[in-house]
Amino acid sequence: MSGSGEASGLGVHGGRTAGTGPLLLGVRHHGPGSARAVRAALDAARPRVVLIEGPPEADALIPLAAEEDMRPPVALLAHAVDEPGRSAFWPLAEFSPEWVAIRWALDHEVPARFIDLPATHTLAWGRDEAGEGPADRPDEPAAEAPETSGSEAPGGRGTGGRGTGGTGEPADGDAAPGDGLAVHDAVRVDPLGVLAEAAGYDDPERWWEDVVEHRSAGQGDVFEPFTVLEEAMGVLRETYGTGGHDRDLVREAYMRLQVRAAQREFGDDVAVVCGAWHVPALRRKSTVAADKALLKGLPKVKADMTWVPWTYRRLSRRSGYGAGIDSPGWYGHLFAAPDRPVERWLTKVAGLLRDEDRIVSSAHVIEAVRLAETLAAMRGRPLPGLSETTDAVRAVMCEGSDVPLALVHDRLVVGDVLGEVPQAAPAVPLQRDLDRSQRRLRLKPEALERELELDLRKENDAGRSRLLHRLRLLGVAWGEPAASRGSTGTFRETWRLRWEPELSVRVAEAGVWGTTVLAAATAKAESDAVSASGLADVTALAERCLLAELPDALPTVMQILADRAALDADVGHLAQALPALVRSLRYGDVRGTDTGALTEVAAGLAERVFVGLPPACAALDAEAAEEMRRHVDAVHGAVGLLVEAAVPGEASSGSGSGSGRGLRGRWQAVLKVLSLRDSVPGVIRGRAVRLLLDDGELAQDEAARLMGLVLSPGTEPGDAAAWIEGFVGGGSGGGMLLVHDERLLGLVDVWLTGVSAEAFTDVLPLLRRTFSAYEPGVRRTLGELVRRGPGQRGSAAGAGSGIPGFGAGLDSDRADAVLPVVRLLLGLDDDHDDDRAHADDNDLAGVAG
């Protein structure tokens, strides 16, 4: 080889001729045709070393690709040791040429090495460009088609790393994956698009399928595809240049140095697998001194690397961490199918549709194959491609509908395959602890979204819940809570789980908080409590600490909560914080946590709300009044829960500031003040009356009197409509109240018919909002009652008129008949004595009535 000052090329042919230098195999990343061609070329050339475009720090990880439990798609993950959130990915699928080259080298006991710019420079380069603020996220590796400089960062075929605060968008000045190479600062050209246009194609993907994917690996000279592609890339680079993209120049200089080093060790028996766009640059004559000069002074950071699982969905360019292909499932099928790929694909589609209970027979498959072949012939294609098979599936198996076709695209064309990496792969301690927890709890990460129902009375389910809540505290959103179906009890939880590859970065980033999930979540919760901006944030954090069962973090959070509550004078903030705090008390019984300190803070917070609420409700505009009405509802529900959570002795005696009856009594006194004070907006006064009526603290006659006063001619129509909104609106069952109380409905009816035309126009929007919130059946019943008019709404049991099922009063005999069944369903017979059972019977009778 030449010395440091000697100009030298790296051979002149893509073919394999003695003395011509290394074998340069230019590929399209994630191209099954390129992957098959690489395997055939390596089988024919039998090189002594295989050099692959990728970060050299991953050389030690290459042997793991031969492990039995390593299953692509996987990705090389590099992250800065001091800033784990700054990271980069190099995804590899089974049909990626780089993966095929790695496996060929391992199977033939040939050294394999990565030769691209080290990740230590890649990660530092992005940080220096981003400055002190959040780093830009460079483009996804392996995202080019076939290899485009404009969509690359300097350390591999782009970096998919997530900078602090990154959004998944390309860095400034870079093209998005697949956008093409840089010609000038503002002009991008897609090499595939240029070549396809020259060949008379309007679709680059269709051109690539015809000339590469549909070409058998055994046809003709196995080196010919690389020779032709190299010539095409050479012409493109001569025509368009590189656009002065320094990143590519630096990367190619480093790769040339690595190839020369391999030649000194192995001679010309060297094979290089890299993006086709780089081949002309590697072939170009250059001095060692010039290449080293380009690398001088590059920034560096300390970086770690490992293998992480990847998914087909993340290989799609439509995903946040896309890698530049639209149909990874289809490409995987083309690579794996030994023969008859169209027939095998359509059979797979038929199986999927049958699993979804669609009627698809073997005759459909045969007809779809014929149609796909006919479409290919009509379009002048050598074999049916994805577009032809898709059209055939739509016409034959989906009866022209795009709805089942969307399922085929999602499940098969893209796919939900999740790779696996061996346990021997390096990982941060937090990832190791997470892996152990997942195995212990039998909670395996999956790419396909699934719903998980948990019964917290079971130890394993409770452990799963703790793990998921702790991960959410750490920002690892593996699971998202969902509404439980069929149960509102605190002992049930529902989660939607889906493991995404970037969660590995989140885990690495969370490793700064601790080496185990418990320790990291505890430290993160304490830090979040200190930095929380508002009282509601601290109360929400306290709730999450209880859900995640973090006993060591809870005292710190509670102390900060008490301090913030003592200093915050905004009643709205206090009212917003109280419900979340009280709601947390419900988790104590199920999760076995001590909520004594939480009860004391909640009781003190409630007292401050009671004192400050009446003055805060005065002189509010309509928007502020509606918000305060929501606060009143939330506090009312919180007081009810707080009473239930009170110590039984205190609740029965009514003594002490935190007693159940004492709190309830003081809150009811607040509601009475709100209901009678003229300076309080009508929507709040109406809601206060309704809450007192629901709690039995206000007789129906008194409620009717207050409504009559509000709806008298002396009250402004707008204020009266707001009072009605507060009393029977807000989805609080007000519709059923009007259905069953003829006097209240009559008052509303008389008032509404007496509103003048001018005022009616003003109050109509508010009334429509009030009554549109009712269930359709309730609205229909109210309309029927109004149509019949007063005096005609008798009991169905009497004269036979009126609404079936509604009587004038409580039918005790009918109510008693359902009590045994209700008691059996609630399990009251086994758990209560006779006196308590009698009291429960009275309560149930009231409900049944």
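If you're wondering where the values come from, they're calculated on a predicted model, not measured in any experiment.
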Asker: Any chance you could measure Leu298, atom CG, to Leu117, atom CG, to the nearest 0.5 Å?
Answerer: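 With rounding to 0.5 Å, CG (Leu298) is 6.0 Å from CG (Leu117).
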Asker: I want to check a possible cation-pi pair here: Arg39 against Trp104, using under 6.0 Å from ring centre and within 45° of the ring axis as the test.
Answerer: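 No.
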Asker: Taking Thr287 for its side chain and Ala290 for its backbone only, find out whether a donor-acceptor pair lies under 3.5 Å.
Answerer: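 Looks like yes, one N/O pair under 3.5 Å.
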Asker: Does the side chain of Asp416 reach to within under 4.5 Å of the side chain of Thr311, using non-hydrogen atoms?
Answerer: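 Result no, sub-4.5 Å side-chain heavy-atom pair not found.
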Asker: Strictly distance-based, threshold 3.5 Å: is any side-chain N or O of Ser87 a donor or acceptor partner for the main-chain N or O of Ala78?
Answerer: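 No; zero donor-acceptor contacts below 3.5 Å.
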Asker: Less than 4.5 Å apart, side chain to side chain, heavy atoms only: is that true for Val250 and Leu295?
Answerer: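 In short, these two side chains touch, coming nearer than 4.5 Å.
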Asker: Working note: Asp391 + Arg379, criterion salt bridge (charged side-chain N to carboxylate O under 4.0 Å, His left out); need CA distance, chi angles, decisive distance, verdict.
Answerer: CA-CA 13 Å; Asp391 290 342; Arg379 296 170 181 175; 2.8 Å; yes
Asker: Looking at side-chain heavy atoms only, is the closest gap between Leu51 and Val49 below 4.5 Å?
Answerer: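 Contact flag for Leu51/Val49 side chains = yes.
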Asker: Could you check if a side-chain atom of Trp90 sits within less than 4.5 angstrom of a side-chain atom of Met305, using non-hydrogen atoms only?
Answerer: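 Side chain of Trp90 against side chain of Met305, heavy atoms only: contact under 4.5 Å found.
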Asker: Would you please classify the geometry between the Trp99 ring and the Trp307 ring as parallel, tilted or perpendicular, with 30° and 60° separating the classes?
Answerer: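 The arrangement is perpendicular - the two ring planes meet at more than 60°.
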Asker: If you define the side chain from C-beta out and look only at heavy atoms, does anything of Val27 sit under 4.5 Å from Phe226?
Answerer: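 Yes - at least one pair of side-chain heavy atoms lies under 4.5 Å apart.
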Asker: So, taking the atom named CG in Asp221 and the one named OG1 in Thr227, what distance separates them when rounded to the nearest 0.5 Å?
Answerer: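 Spacing of CG (Asp221) from OG1 (Thr227) equals 6.5 Å.
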Asker: Less than 4.5 Å apart, side chain to side chain, heavy atoms only: is that true for Leu25 and Leu42?
Answerer: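 Side-chain contact under 4.5 Å: yes.
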Asker: Please check: side-chain N/O of Thr390 versus main-chain N/O of Ser387, any donor-acceptor pairing under 3.5 Å?
Answerer: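 Pair absent, no side-chain N/O of Thr390 close to backbone of Ser387.
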Asker: Atom CG of Leu24 and atom CG of Leu282: how far apart are they, to the nearest 0.5 Å?
Answerer: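 That separation rounds to 6.0 Å.
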Asker: Would Asp410 and Arg313 satisfy salt bridge (charged side-chain N to carboxylate O under 4.0 Å, His left out), going step by step from the backbone distance to the final call?
Answerer: CA-CA 9 Å; Asp410 185 66; Arg313 193 169 300 279; 2.9 Å; yes
Asker: Strictly distance-based, threshold 3.5 Å: is any side-chain N or O of Glu98 a donor or acceptor partner for the main-chain N or O of Glu53?
Answerer: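 No; judged by distance alone, with no hydrogens or angles, the pair does not exist.
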Asker: Judged by atom type as modelled, is there a donor-acceptor pair below 3.5 Å linking the side chain of His333 to the main-chain atoms of Pro341?
Answerer: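 A pair under 3.5 Å: yes.
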Asker: For Ala124 and Val301, work out which heavy atoms get closest and say how close.
Answerer: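 Looking at all heavy atoms of both residues, the shortest contact is CB-CG1, 3.6 Å.
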Asker: Taking the side chain from Ser34 and the backbone from Arg28, do they hold a donor-acceptor pair closer than 3.5 Å?
Answerer: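 Present.
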Asker: Is a side-chain donor or acceptor of His409 paired with a backbone partner of Val414 at a separation under 3.5 angstrom?
Answerer: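 Looks like no, no N/O pair under 3.5 Å.
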Asker: Look up atom CD in Gln258 and atom CD1 in Ile52, then write down how far apart they are to the nearest 0.5 Å.
Answerer: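 If we round to the nearest 0.5 Å, Gln258:CD and Ile52:CD1 are 13.0 Å apart.
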Asker: Treating Arg71 as the side-chain partner and Glu420 as the backbone partner, does any N or O pair qualify as donor plus acceptor under 3.5 Å?
Answerer: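 No, the answer is negative, given that no donor and acceptor are paired below the 3.5 Å cut-off.
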Asker: Does this structure show an ion pair linking Asp339 with Arg344, if we count only N-O contacts that are shorter than 4.0 Å?
Answerer: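 A salt bridge links Asp339 with Arg344.
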Asker: Give the minimum heavy-atom separation between Val272 and Val259, together with the two atoms involved.
Answerer: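 Heavy atoms only, the tightest pair is CG2-CG2, 4.0 Å.
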Asker: When you check the gap from the basic side-chain N to the acidic O, do Arg237 and Glu252 get nearer than 4.0 Å?
Answerer: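 A salt bridge links Arg237 with Glu252.
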Asker: Using a 4.5 Å cut-off on heavy atoms from C-beta on, say whether the side chain of Trp310 contacts that of Val417.
Answerer: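 They are not in contact (no side-chain heavy atoms under 4.5 Å apart), so the answer is no.
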Asker: How far does OG of Ser327 sit from CG of Leu412, to the nearest 0.5 angstrom?
Answerer: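 The OG atom of Ser327 sits 12.0 Å away from the CG atom of Leu412.
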Asker: Determine yes or no for a side-chain-to-main-chain donor-acceptor pair under 3.5 angstrom, with Arg256 supplying the side chain and Ala281 the backbone.
Answerer: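 Answer holds: yes.
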Asker: Is there a side-chain contact between Leu92 and Pro73 (heavy atoms, below 4.5 Å)?
Answerer: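 When only atoms from C-beta onward are counted, Pro73 and Leu92 do not touch, as no gap falls below 4.5 Å.
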Asker: Any idea which heavy atoms bring Gln263 and Pro22 closest together, and the distance?
Answerer: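 Shortest heavy-atom contact: NE2-CD, 3.1 Å.
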Asker: Calculate, to the nearest 0.5 Å, the distance between atoms CG and CG belonging to Leu195 and Leu236 respectively.
Answerer: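 Rounded to the nearest 0.5 Å, the CG-CG separation comes to 5.0 Å.
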Asker: Should we say atom CZ of Arg340 is surrounded by more than 12 heavy atoms from elsewhere, each under 6.0 Å from it?
Answerer: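 No, not enclosed.
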Asker: Show which side-chain atoms of residues 54-67 pair as donor or acceptor with protein atoms under 3.5 Å away, not counting sequence neighbours.
Answerer:
unit_1 : atom_1 : unit_2 : atom_2 : d
Glu57  : OE1    : Ala119 : N      : 3.0
Glu57  : OE2    : Ala119 : N      : 3.0
Glu57  : OE2    : Thr120 : N      : 2.9
Asp59  : OD1    : Phe114 : N      : 2.8

Asker: With distance as the sole test, does Glu197 use its side chain to make a donor-acceptor pair with the main-chain N or O of Val194 at under 3.5 Å?
Answerer: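 Checking the backbone N and O of Val194 against the side chain of Glu197, no donor-acceptor pair under 3.5 Å is found.
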